[in-house]
Amino acid sequence: MLNKTYNPQDIETKWYEASEKAGAFACDPSSDKTPYTIMMPPPNVTGSLHMGHALTFTLQDVLIRYNRMNGKDALWQPGMDHAGIATQMVVERQLAAKDINRRDLGREAFVEKIWEWKAESGGMIEHQQRHLGASADWERSRFTMDDGLSEAVRRVFVKLHKDGLIYRDKRLVNWDPKLLTAISDLEVEQKEQTGKMWQLHYPIEGEEGRFITVATTRPETMLGDMAVAVHPEDERYADLVGKHVLLPLVGRLIPIVADSYSDPEKGTGAVKITPAHDFNDFEVGKRHDLELLNIFDQHAALNENVPEAYQGLDRFVAREKILADLEALGLLGEITDNQMTVPHGDRSGVVIEPWLMDQWYVDAAQLAIPAIKAVEEGRTRFVPERWSKTYFEWMRNIQPWCVSRQLWWGHRIPAWYGPDGTPFIELDEATAQEAANAHYGEAVSLVQDEDVLDTWFSSALWPFSTIGWPEDTAELKRYYPGDVLVTGFDIIFFWVARMMMMSMHFMDGEVPFKDVYIHALVRDEKGQKMSKSKGNVLDPLDLTAQYGADALRFTLTAMAAQGRDLKLSINRIESYRNFATKIWNAARFLEFNELSGTTDAGFDMASANLPVNRWIISKLGDASAQVSAALEAYRFNEAADAIYQFIWNSYCDWYLEFIKPVLKDSEETRQTAVAVLRAALHILHPMMPFITEELNEKIFGADEMLITSSWPTIPQHDDDSQIDFVIDVITEIRTMRAEMNVPLSAKPDLLIRGANPAQQKVLSDMDSSVQKLGRLSSVVMQADDMPKQSARSSLGAVDIALPLAGILDFEAEEARLRKEIKATEAEIDKIARKLGNEGFIAKAPEAVVEENKRRLAEEQARADGLTKALSRLQSEG
RNA sequence: GGGUGGUUAGCUCAGCUGGGAGAGCAACUGGUUUACACCCAGUAGGUCGGGGGUUCGAGCCCCUCACCACCCACCA
C-alpha cells in the first residue's frame, strides 16, 4: 500500500542508484541508434551546487532523458573545470590559516597541495548533481587538467602559435595587484563610484608663471607622465604645442603634443599622458613616440623609477602624498566630485592597474571570422534567437585575448626560452630542446615559461577534448558536434564564443554544437541576485530535502521561459510538490480500486469504445504531442504546463471523477485508467524522474525502468462523427433548458458525486456510454420530475457530460457555453424583473434567440471582413 | 556613448508566424461525497505602460514618449 502522502526522501536515492547501476546513464558508442550529445558545462572544481546549476542541469537532464526515451543514444558528457584563480585562492586561503605562504612552499609543492585538496574536497558538486537526478555519463567524466585534456591544450597552443594565432606581445594588461596576475578584459568588472577629479598645474618651460592645467582621477600616475596632449585645433593651447612643461615633483621635461585624443570639451582640454599606465595614453604615446615609463611594481606600489620620496609607497598612499606636496607648491587646482567607473578584478575585488608587460595573446579577431560565419549561416543557432545579436556584437569587436596568467595552478605554457630569450614553443620539453639545439647549433639550457593559461583556454576545447581529441577516437566521430549547448547568458563571451572559435579552427570548420539554448539566471523572489551576504540564497539541496528533487526540477522546468531573470519563489515549489502528491494520490486511487499490478500488456488503447475512455486517450495524445513539440523547441515551460494540466485537470479532475461509477464493471475503463496513467508517467519522467519510477514499479509492477523505456505511442481516434453528434445534442439541450426555465449555471460536482437518488439515476443512465446519451430526452424528463435544485444540477452535468462523451475539446466548449449562458442569464433576469417575476421566465428562449442572432451578425461581419481582405489580396496579386 | 530585454489579473509570470486575453499563488463563496485539505466545486479580478499609425482585425507589426533592468565600451 502506498502511504498517504508522497515522501521523496524514501525513494530518490534508491532510484538514482538503480538507474546508474543498470547502466542507463551511459552512452553506447557501438549502438546503431542516432547519437544525441550534450556537453555539460563543467562546474568549477571548487564549486558547490547553487540554484543556477540546478536550473541548467535540470534542463539538460530533461533533454537527455527525453531523447534517450525517444530512441537516441544519449551522451551527456560531464566533467569539471580546474578553475585556475578560484581554486588557487581556495587552497591559498587554507594554507594561510596555517600561516603558510605558497611562495614558501614553492611551486611544485603548492601545486601538489592543490591536487591533494582536489582529491579530498574537489568534486563535491558531482554528488550534489546526483541528488538532483542528473543522469550524466559519469564514467566518462573529465577534468580540464587531466592528462588527455592537458595534451589537447598543449597541441592547441603549439598549433595556434605555428599558425601565427598566438603570439607574445608587450602591451598594457589588466594587472591585478592582489592576485599578482594579468587578467583578461572579461575578468574586469567596472564599478560605479563617486571619486574625485583633481586639477594639476604644470609649469611651462621658459614661460615663468605660465601653467597648463590638466585634470586627473589618478594623480599618482603623474609621476609617469611623458607628455601633455591638447587638441590640434584647440586655439587656447595652439601656441603651446611643441613647448615643454616641467613635470612637478619629478623635474622631467615633457612635451606638449597635439593629438586629437584630447577632447577640448572635457576637463581643461589638456590631458596628461601616462603611456605606461593608461590604455588610451598608451596609444597616444605610440603616435608621438613617447617613452614608456613604468612606475609601479607588481603590488602597485611605486618603484625605483620615481623620486626617492615616493618609492615603495602604495599607490593610494602615494596619491595623498603627491596631492599634499603639489598643494604645498601651489600646483593643485580645483577639486571636484566625479562620477566614474573604476575597473576591479572580478575575483580579487581590488582596483586593476594597466601595467606594461609581456604576455601571450590569442588573435581572437582572426579566429572569430569563421565563428561569426557559422552563426550567420545558421549552422549554430541561438535559442532564443536574440542572443545571436549579443554574440555578433562582441565577436565583431573582439580584442586580442590575453591568455597568460601569473599563477601556478593551470596549464603551464609550453614555451621554453633559450639563453638569449628566444622562445621555443613545442609539445614538450624534449622537442623544445631539440629545436633549441638546432637553433643555437649547440646544446643549451632552456627555461620554461613560468605562466599558466587562462582557465577558459582549456574549457574552450571542451566540445572535442572531452571525447578524445587529438586522438581520432570513435567517440569523437560519433558525438561531435553536440546537439545543444545549454547555458546561461553570463558566459556567452567567456565560454560559448571561445568554444566556437576553437572548435571551428580545430575541427575543420565544423561547429561544436547545433543549438545554443540560453536560459535565465536564477534570482530570489524579489529579483535580487542570490548572495551569501544578502542572506537570500536558496540552497537547491535544502529544497530537494524539503520538497523533493522532482518538485524542484519541475519548478525550474516550468519557469524556464523567463527572459533574463528567473525569480524563484517557495510557493511555486510548494505548488509543484503538491502536484507530485496529486499524482501519488491518483495512483492510490487506482490501487484502492484494485488496479495496481494490472498490466496493460494485452490492452490496446486504440480499441477503447466508451466515449469517456476515447476522450481521455485523445487528451493524452494531445499532451504527449505538446510535450514533445515543446521540448524539441526548448519551450520547457510549455512542456511542463501541458503534462501538468493533463494529469491534474483532465485525468484527475475529470476522468477519475467521471469513471467512478463504472469503474467496477467496465473492464475497458479499468484498463484505460491504468494505461493512460502509465503513459502519463512516461511523459512526465524526464521532468520528474523519481516519483514516476516509483509509481511505475509500485502501481504497475513494471519490470522496465522508465529511464530505459520508450516514449509512449498514443493512438489517434477519428472523432468527426462524434463531434457532429454532440453539437446536435448540445443544441437540443439548450432549447430544452430554456423551455424548462431552469437556471443555466452548472454544478457538475453535485451530480458527479451525486447524493440523491434522482441524480444517481441520471448518472447511471449517462455513465455507461454515448449510446445512452442518445436517450437524452428521457434524462431530461427525469430531471423535470426532480425538485428544482436537482434539475439544475442534472442539466449542468449533462452539459459537461455531452462533450465528454463526444471526445470534443469539451473544456473549451464548456467555457464558451458558460460565457454565453452568463450573458443570456443577465438578459433573462432583466426581463423577468420587468414582468414582476422571480427567477426565470418562459420568454427565455426568445432572449436566447435574440442573442444568437446578434452573435450571428457579428460572425457574419467578421467573415465579410475576411472575404474582403482576401479579395483585396487577390486583386493585388 | 553603443546595444539588449522588459512594462499583461493583487503578486510572479506565460501568451510560438496578427484572428474572441491565460497559468500558479493570493482573495472570496460553498464543500470532508469511499485518491488527495499538499483536496474538490465555483466566484471575482485586466483601458495588455502612455500616445499615434498600418490592418477587415493589434497584447503581438511600425513610429513615438515614459519608466525599469541588464550587457559592452569609455570617462581628463
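Throughout, protein chains are lettered first and strands after them, A, B, ... in sequence-line order, and every chain is numbered starting at 1.
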Does A/Arg635 get its side chain close enough to the base of B/rC16, under 3.5 Å, for a donor-acceptor pair?
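Such a pair exists between side chain and base.
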Run the side chain to side chain contact (heavy atoms under 4.5 Å, CB included) check on A/Met197 and A/Thr216 step by step: do they pass?
CA-CA 6 Å; A/Met197 186 153 75; A/Thr216 181; over 6 Å; no
Send over the distance from [X] [atom1] to [N] [atom2], rounded to a whole Å.
X: A/Glu393; N: B/rC71; atom1: CD; atom2: C1'; answer: 10 Å
X: A/Asn174; N: B/rA73; atom1: CG; atom2: P; answer: 10 Å
X: A/Tyr202; N: B/rA76; atom1: OH; atom2: P; answer: 13 Å
X: A/Glu385; N: B/rG3; atom1: CD; atom2: C1'; answer: 15 Å
X: A/Phe493; N: B/rA73; atom1: CZ; atom2: P; answer: 8 Å
X: A/Phe489; N: B/rA69; atom1: CZ; atom2: C1'; answer: 10 Å
X: A/Asn397; N: B/rU4; atom1: CG; atom2: P; answer: 13 Å
X: A/Arg218; N: B/rA76; atom1: CZ; atom2: P; answer: 8 Å

Hunt down any stem RNA chain B takes part in, defined as 3 or more consecutive Watson-Crick or G-U pairs whose two distances are each under 3.5 Å.
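Looking at RNA chain B, the stems formed by three or more consecutive pairs are B:1-7 with B:66-72, B:10-13 with B:22-25, B:27-31 with B:39-43, B:49-53 with B:61-65.
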Taking only the side-chain heavy atoms of A/Ser262 (C-beta and beyond), determine which of B/rG15, B/rA35, B/rA76 contains the nearest atom.
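Minimum distance to the A/Ser262 side chain belongs to B/rA76.
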Nearest-nucleotide pick for A/Glu638, side chain only, options being B/rG15, B/rG5, B/rA23:
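Side chain of A/Glu638 sits closest to B/rG15.
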Please report, to 0.1 Å, the donor-acceptor pairs under 3.5 Å made by any side chain of residues 255-263 of chain A, with sequence neighbours excluded.
{"unit_1": "A/Asp259", "atom_1": "OD1", "unit_2": "A/Tyr261", "atom_2": "N", "d": "2.8"}
{"unit_1": "A/Asp259", "atom_1": "OD1", "unit_2": "A/Arg287", "atom_2": "NH2", "d": "3.0"}
{"unit_1": "A/Asp259", "atom_1": "OD2", "unit_2": "A/Arg287", "atom_2": "NE", "d": "3.0"}
{"unit_1": "A/Asp259", "atom_1": "OD2", "unit_2": "A/His288", "atom_2": "NE2", "d": "2.7"}
{"unit_1": "A/Ser262", "atom_1": "OG", "unit_2": "A/Gly269", "atom_2": "O", "d": "2.8"}
{"unit_1": "A/Asp263", "atom_1": "OD1", "unit_2": "A/Glu265", "atom_2": "N", "d": "2.9"}

Mind checking [X] for me? I need base, sugar-phosphate or nothing, with any heavy atom below 4.0 Å counting as a touch.
X: A/Asp490; result: nothing
X: A/Asp641; result: nothing
X: A/Tyr261; result: base
X: A/Val271; result: base

Side chain to side chain contact (heavy atoms under 4.5 Å, CB included) with A/Thr268: which residues, sequence neighbours excluded?
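Listed in chain order: A/Gln199, A/Thr213, A/Tyr237, A/Ala270.
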Contacts of type ring pair (Phe, Tyr, Trp, His ring centres under 6.0 Å), residue [X], not counting sequence neighbours:
X: A/Phe589; answer: none
X: A/Tyr547; answer: none
X: A/Phe554; answer: A/Tyr576, A/Phe579
X: A/Phe382; answer: A/Tyr391

If the [atom1] atom of [N] is compared with that of [M], how far apart are they to the nearest Å?
N: B/rA58; M: B/rG53; atom1: P; answer: 12 Å
N: B/rG24; M: B/rA66; atom1: P; answer: 38 Å
N: B/rA23; M: B/rC61; atom1: P; answer: 23 Å
N: B/rA73; M: B/rG59; atom1: P; answer: 40 Å

Heavy-atom side-chain contact between A/Met559 and A/Leu568 under 4.5 Å:
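Yes, close enough: below the 4.5 Å cut-off.
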Test item: side-chain donor near acceptor, A/Thr274 and A/Asp225, under 3.5 Å
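A/Thr274 vs A/Asp225: donor-acceptor pair found between side chains.
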When you measure from every atom of RNA chain B, which of residues 575-584 of chain A have a heavy atom less than 4.0 Å away?
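Only A/Ser575, A/Arg577, A/Asn578, A/Thr581, A/Lys582 qualify.
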Please enumerate all residues that pass salt bridge (charged side-chain N to carboxylate O under 4.0 Å, His left out) together with A/Asp278, with sequence neighbours excluded.
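Checked A/Asp278 against salt bridge (charged side-chain N to carboxylate O under 4.0 Å, His left out); matches are A/Arg218.
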Parallel, tilted or perpendicular, as decided by the 30° and 60° cut-offs, for the rings of A/Trp584 and A/Tyr6
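Tilted.
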So, does A/Trp198 get its side chain near the phosphate of B/rA76, meaning an N or O under 4.0 Å from OP1 or OP2?
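Checking A/Trp198 against B/rA76: no side-chain N or O falls below 4.0 Å of OP1 or OP2.
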Phosphate contact (B/rA76 OP1 or OP2) by A/Thr217 side-chain N/O below 4.0 Å:
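For B/rA76, OP1/OP2 do have a side-chain N/O of A/Thr217 under 4.0 Å.
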